[in-house]
Undergrad: 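Sending over a structure as structure tokens; questions will come in a sec.
Values reported hereafter were calculated over all heavy atoms of this structure, with side chains retained and with hydrogens, waters and symmetry mates removed. Labels below follow one simple rule: chain letters A, B, ... track the order of the sequence lines, proteins then strands, and each chain is numbered from 1. Small disclaimer: the values here were computed from a predicted structure and weren't measured.
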2 protein chains.
Amino acid sequence: MKKQTNGPDHADCTAAPQLQRALRVLSGKWKGEILWQLVGGKRRFGELRRAIPDVTQHMLTTQLRDLENEGLVKRTVFPEVPPRVEYEMTPAARDLRPVFDELSRWANAHGRLEPASPVADDDADGRRAGSSDRPAR
Amino acid sequence: MKKQTNGPDHADCTAAPQLQRALRVLSGKWKGEILWQLVGGKRRFGELRRAIPDVTQHMLTTQLRDLENEGLVKRTVFPEVPPRVEYEMTPAARDLRPVFDELSRWANAHGRLEPASPVADDDADGRRAGSSDRPAR
DNA sequence: CGGTATCCAGAACGATACTG
DNA sequence: CAGTATCGTTCTGGATACCG
């Protein structure tokens with residue numbers, strides 16, 4: 001007797017462990033940025049650094065490496081001098097684009113999440129939670 | 001051969017700061033899980049704990065609070081005894097569902113990212129990067 | 001130019017104990 | 001039942017220095 005208007009396939013018993021991992025993939029502070037940059041095509045290390053000035057070599061390398069290990073970016077290093085390395089998205093990362101797209105749309109719509117719910121709160125029971133003053137985290 | 005088929009609005013010059021933030025919203029270790037559970041409707045604290053056994057009260061509370069501050073969940077506390085608190089998604093969170101859906105689909109398709117690309121890697125330049133054996137992270 | 005190694009600060013996480 | 005408080009641990013991110 002399901003009454004909670006269960007939607008698609010999400011179960012109330014077990015969430016998707018894969019989903020968790022997928023979320024984890026993009027959790028890095030710069031992963032999103034990097035991936036986003038990579039959407040525009042191949043990029044060299046220096047290019048990425050210029051594109052994302054706030055990131056350090058260490059972080060860029062780390063995150064890039066992480067993404068590589070996750071099979072989201074392909075690294076092509078040319079053993080020549082001066083050294084040149086190019087990064088590009090893998091098919092898997094490309095399949096990830098719709099996610100980015102949706103997320104981007106959402107971020108655009110709710111760019112500024114507001115503390116107050118835009119809809120009428122249904123205090124069916126008639127008493128409001130005393131959401132007193134909570135020292136914003 | 002179109003260069004990556006530029007889609008929506010992603011620019012190669014400036015990534016979306018909002019996107020970054022949006023990604024950050026789901027970065028918590030349990031945020032995804034919690035939100036996923038909440039899709040099924042209202043949930044009590046204990047229910048969430050039962051649904052996600054690996055999470056501690058502390059974490060559940062923290063993440064839940066975080067989500068609340070971000071305007072993604074609404075907390076309804078009934079000042080009665082025994083205490084009862086129900087959590088539910090806000091419209092904003094509901095709008096986030098497509099993202100979850102896409103992410104879920106992606107996670108399902110690439111559930112197990114394999115080291116070897118299922119497609120032929122285009123080493124156009126002809127030389128493979130000596131991605132010898134790297135001691136996994 | 002591209003990358004690694006070491007050190008370090010801070011946040012995130014987790015376990016336990018205690019309160020209303 | 002729901003939540004807070006404190007502690008310690010792990011992880012992440014950043015600065016500097018050095019190597020190919």
Undergrad: Which nucleotide wins on minimum distance to the side chain of A/R44, given the candidates C/dC1, D/dA2, D/dG13?
TA: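 Minimum distance to the A/R44 side chain belongs to C/dC1.
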
Undergrad: Rounded to the nearest angstrom, tell me the gap between atom CD in B/E80 and atom P in D/dG3.
TA: 13 Å

Undergrad: As a test of reading the structure: which of C/dG3, C/dG2, D/dG14 is closest to the side chain of A/R75, going by heavy atoms?
TA: C/dG3

Undergrad: Return the nearest nucleotide to the side chain of B/M59; candidates are C/dG20, C/dC13, D/dG3.
TA: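 Out of C/dG20, C/dC13, D/dG3, the nucleotide with an atom closest to B/M59's side chain is C/dC13.
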
Undergrad: A/F78 ring centre to A/R84 NZ or CZ under 6.0 Å, with the angle to the axis within 45°?
TA: yes

Undergrad: Rounded off to whole Å, could you give me the CG-to-P distance for the B/D66 and C/dC13 pair?
TA: 9 Å

Undergrad: Side-chain contact test, heavy atoms from C-beta onward, threshold under 4.5 Å: evaluate it for A/L64 versus A/W30 and give yes or no.
TA: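 No - every pair of side-chain heavy atoms lies 4.5 Å or more apart.
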
Undergrad: Reading DNA chain D from 5' onward, which residue's closest nucleotide shows up sooner: B/R24 or B/G46?
TA: B/G46

Undergrad: What's the CH2-C1' distance between B/W30 and C/dC13, to the nearest Å?
TA: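 About 10 Å, once rounded to whole Å.
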
Undergrad: Output the rounded distance in Å from CZ (B/F78) to C1' (D/dA2).
TA: 13 Å

Undergrad: Taking the nucleotide of DNA chain C with the nearest heavy atom to each, does A/P83 or B/G28 sit closer to the 5' end?
TA: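 Upstream on the strand: A/P83.
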
Undergrad: Report the distance from atom CG of B/L60 to atom P of D/dT4, rounded to the nearest whole Å.
TA: 11 Å

Undergrad: B/K29 side chain N/O closer than 4.0 Å to the phosphate oxygens (OP1, OP2) of C/dG14?
TA: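 Indeed, a polar side-chain atom of B/K29 lies that close.
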
Undergrad: Looking only at atom types and distance, does a side-chain atom of A/Q20 sit under 3.5 Å from a main-chain N or O of B/K29, one as donor and one as acceptor?
TA: yes

Undergrad: Between protein and nucleotides 15-17 of chain C, what N or O pairs are separated by less than 3.5 Å?
TA:
unit_1, atom_1, unit_2, atom_2, d
C/dA15, N6, B/H58, ND1, 3.4

Undergrad: To the nearest angstrom, how far is A/L48 atom CG from C/dG2 atom P?
TA: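 Answer to the nearest Å: 10 Å.
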
Undergrad: Check whether any side-chain N or O of B/R65 sits under 4.0 Å from OP1 or OP2 of D/dT4, and answer yes or no.
TA: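 Answer yes for this pair, as a side-chain N or O of B/R65 is under 4.0 Å from OP1 or OP2.
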
Undergrad: Report the distance from atom CZ of B/R50 to atom P of D/dA2, rounded to the nearest whole Å.
TA: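 Going from CZ in B/R50 over to P in D/dA2 covers 10 Å.
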
Undergrad: Rounded to whole angstroms, how far apart are CD on B/E86 and P on D/dA2?
TA: 9 Å

Undergrad: Taking all atoms of both residues into account, what is the closest heavy-atom pair of A/A22 and B/W106, and its distance?
TA: CB-CZ3, 3.7 Å

Undergrad: Kindly give the heavy-atom pair with the smallest separation between A/K31 and A/Q63, and that separation in Å.
TA: CG-OE1, 3.3 Å

Undergrad: Identify whether the distance between the nearest side-chain nitrogen and carboxylate oxygen of B/E86 and B/R44 falls below 4.0 Å.
TA: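 No, this pair does not count.
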
Undergrad: What contact category does B/Q63 fall into here, base, sugar-phosphate, or nothing, at under 4.0 angstrom with non-hydrogen atoms?
TA: sugar-phosphate

Undergrad: Got a donor-acceptor contact below 3.5 angstrom from the B/T90 side chain to the B/G71 backbone?
TA: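 Between the backbone of B/G71 and the side chain of B/T90 there is a qualifying donor-acceptor contact (under 3.5 Å).
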
Undergrad: Identify which nucleotide among D/dG3, C/dC1, C/dG2 has an atom closest to any side-chain atom of A/P82, counting heavy atoms from C-beta outward.
TA: C/dC1

